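Notes follow once the structure below has been shown.
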Number of protein chains: 2
Amino acid sequence: MEAAARVVHEQGAGRTTIADIARAANVPVGNVYYYFKTKDELVGAAISEQARGFRELAAELDRLDDPRERLLRLVDGWLGQKERAARYGCPTGTLAAELDKRDEGGLDVEAGRVIRLLLDWVEAQFDAMGRPDAADLAVTLVGAYQGMSVLANALRDPEIMTREVRRLTAWLKELEPSPGSA
Amino acid sequence: MEAAARVVHEQGAGRTTIADIARAANVPVGNVYYYFKTKDELVGAAISEQARGFRELAAELDRLDDPRERLLRLVDGWLGQKERAARYGCPTGTLAAELDKRDEGGLDVEAGRVIRLLLDWVEAQFDAMGRPDAADLAVTLVGAYQGMSVLANALRDPEIMTREVRRLTAWLKELEPSPGSA
DNA sequence: GTCTATATGCCGATAGAC
DNA sequence: GTCTATCGGCATATAGAC
């Protein structure tokens, strides 16, 4: 499943063959089909792997007391993936975008759920900060992440991530509990 | 070329077959190959079509005197595509993201150029407004557009576009010529 | 220039030996 | 449970009639 998530991120779900994943996992092709009946199931496993990864990160951040600090750490984490983001885009965003272009299977809904997971967690932090417009702020923050990933990827420039993360960090630090001067 | 751009936007470049485009354009398959030697050339034509569309829009907006007004109209235009964005994402962003996952052909670079086109035009407007940080502001604005498109698409919710466009509109109206209180 | 028929190659999926 | 060989389908691309 790790190999599937990695290769699908790098090549996209459509262009990734079972043979690619099998090779990355050091097993022969037929073996893959023993555990996953179809390719769609394998892509679904890659999505689950993304969800698992985020839940792990969220659990770690939740150990911090201050919700604002949690968001700052989240944003800082994006910076750590700038090279991969500039090369392959956001794993969740690019996969969701690709799967949304085909109706079959309902895999698109599953990919959307991972983004929903992130969105809900971010909203909970803004809510804990006392912001009544937490949902909108969450869309803005996560949207900024998706946007900078698309641009960094399209222009092959990791520094776009650096600049945008810096801006978001300043924005988060200045955010007041009441939505007055937003 | 129009049919190619439309179908590629809806289905993605990878899943779109020559037959799909031929059907959408009401011509038989073999005919397509008379004008485009390979599928990559056809995808390239779809990219050119996107660039042409944007240049047309930019020329129209350039007739306005106030650069801030130009940006406001641009953002308002995004709202007009919210249904399509929620269903298929931003045409340029999704295509660039898909093509960036394969090295061959250099089509990814061409797709990046279309985004660069938009980015440069937006930067020119901020520059005309007297902002020394025009380049950063352009990345933020275009990034916000790409981000809201990804989210609206992944969650299948056009209203995300509505809310984010409203926020960007307010932001643009409050932006001062000098970067003091940004 | 327009269109049909077909060759070629690749990938998902399976059969079946071990 | 592991692995190899192969089938069947589909999409790009071409050959060639009109």
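Basis for what follows: all heavy atoms, side chains included, without hydrogens, waters or symmetry-related copies. It should be emphasised that the depicted structure is a prediction, and the values quoted were computed from it without experimental measurement. Order of the sequence lines fixes the chain letters, A, B, ..., with proteins taken first and strands second; residue numbering starts at 1 for each chain.
In terms of phosphate contacts, B:Tyr34 brings a side-chain nitrogen or oxygen within less than 4.0 Å of OP1 or OP2 of C:dG1.
Between B:Leu42 atom CG and D:dT12 atom C1' the separation is 12 Å, expressed in whole Å. Straight-line distance from the CG atom of B:Asn31 to the C1' atom of C:dC3: 7 Å, rounded to whole Å.
Counting non-hydrogen atoms of neighbouring residues, nucleotides and ligands closer than 6.0 angstrom, the CZ atom of A:Arg73 reaches no more than 12 such neighbours. Atom CD of B:Glu159 sits in a crowded spot, with more than 12 heavy atoms from other residues, nucleotides or ligands closer than 6.0 Å. Other residues, nucleotides and ligands contribute more than 12 heavy atoms inside 6.0 Å of the CD atom of A:Glu69.
The pair B:Glu174-B:Arg68 does not meet the salt-bridge criterion, since no charged nitrogen lies less than 4.0 angstrom from a carboxylate oxygen.
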Per-nucleotide protein contact string for nucleotides 11-17 of chain C, where B marks a base within reach and S marks sugar-phosphate only (heavy atoms under 4.0 Å, - for neither)
SSBB---

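Nearest nucleotide to the side chain of B:Tyr35, out of C:dT2, D:dG1, D:dC3: C:dT2.
In this structure a side-chain-to-backbone donor-acceptor pair under 3.5 Å is missing from B:Asp108 to B:Leu99.
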Quick one: do B:Lys101 and A:Glu10 satisfy side-chain contact (heavy atoms from CB on, under 4.5 Å)? Show the steps, please.
CA-CA 6 Å; B:Lys101 290 192 186 297; A:Glu10 293 172 0; over 6 Å; no

